[in-house]
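Okay, so here's the structure we're looking at.
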Amino acid sequence: MLSDQEFDDWCRCLNLPQAARKIIEQIRSTEPIRRVKSNGINVRSDYASSKMGKTIQFESHKVGSFD
């Protein structure tokens, strides 16, 4: 994840409007709303992210086949 300074630089580089920047800041500071689920079509798992310092849940789009 970008540091605060890197985020500021990125916003300036893109000339982001203040409203857009506030929305992105809110997204960056909150946890996901939806819990990851598994069903017969996809697979759910966890990934230990050293970069973010936490375990991140993810789901595949479909169960792969090993042909």
Side-chain angles (χ1 to χ4, degrees):
M1 185 156 62
L2 298 175
S3 69
D4 290 340
Q5 182 61 51
E6 291 169 329
F7 178 70
D8 288 340
D9 294 343
W10 179 75
C11 290
R12 258 190 256 103
C13 179
L14 295 176
N15 285 329
L16 284 179
Q18 190 62 28
R21 182 185 172 120
K22 285 187 180 204
I23 291 169
I24 296 170
E25 286 174 345
Q26 181 182 5
I27 292 168
R28 284 170 43 97
S29 65
T30 58
E31 292 294 318
I33 295 172
R34 179 177 76 83
R35 296 288 300 173
V36 177
K37 298 178 186 172
S38 177
N39 59 35
I41 298 171
N42 67 0
V43 176
R44 178 217 169 274
S45 191
D46 298 318
Y47 171 74
S49 173
S50 57
K51 178 180 172 184
M52 296 191 67
K54 62 173 83 176
T55 300
I56 300 168
Q57 295 181 342
F58 69 91
E59 61 189 43
S60 68
H61 291 286
K62 60 184 177 179
V63 176
S65 65
F66 298 100
D67 295 333

Salt bridge (Lys or Arg N to Asp or Glu O under 4.0 Å) involving R44 - partner list, sequence neighbours excluded: D46

message: Using a 4.5 Å cut-off between side-chain heavy atoms of Ile, Leu, Val, Met, Phe, Trp and Tyr, which other residues end up in the same hydrophobic cluster as Y47?
response: F58

message: Which residues end up grouped with W10 if you chain together Ile, Leu, Val, Met, Phe, Trp and Tyr wherever their side-chain heavy atoms are less than 4.5 Å apart?
response: L2, F7, L14, L16, I24

I'd like to check the side chain to side chain donor-acceptor pair (under 3.5 Å) partners of [X]; sequence neighbours left out, ordered by chain and number.
X	result
Q57	none
Q26	none
D4	none
S3	E6

field: Distance (rounded to the nearest 0.5 Å) between I23 CD1 and Q18 CD
entry: 11.0 Å

- prompt: Could you give the distance from CD (E25) to CZ (R28), rounded to the nearest 0.5 Å?
  reply: 7.5 Å

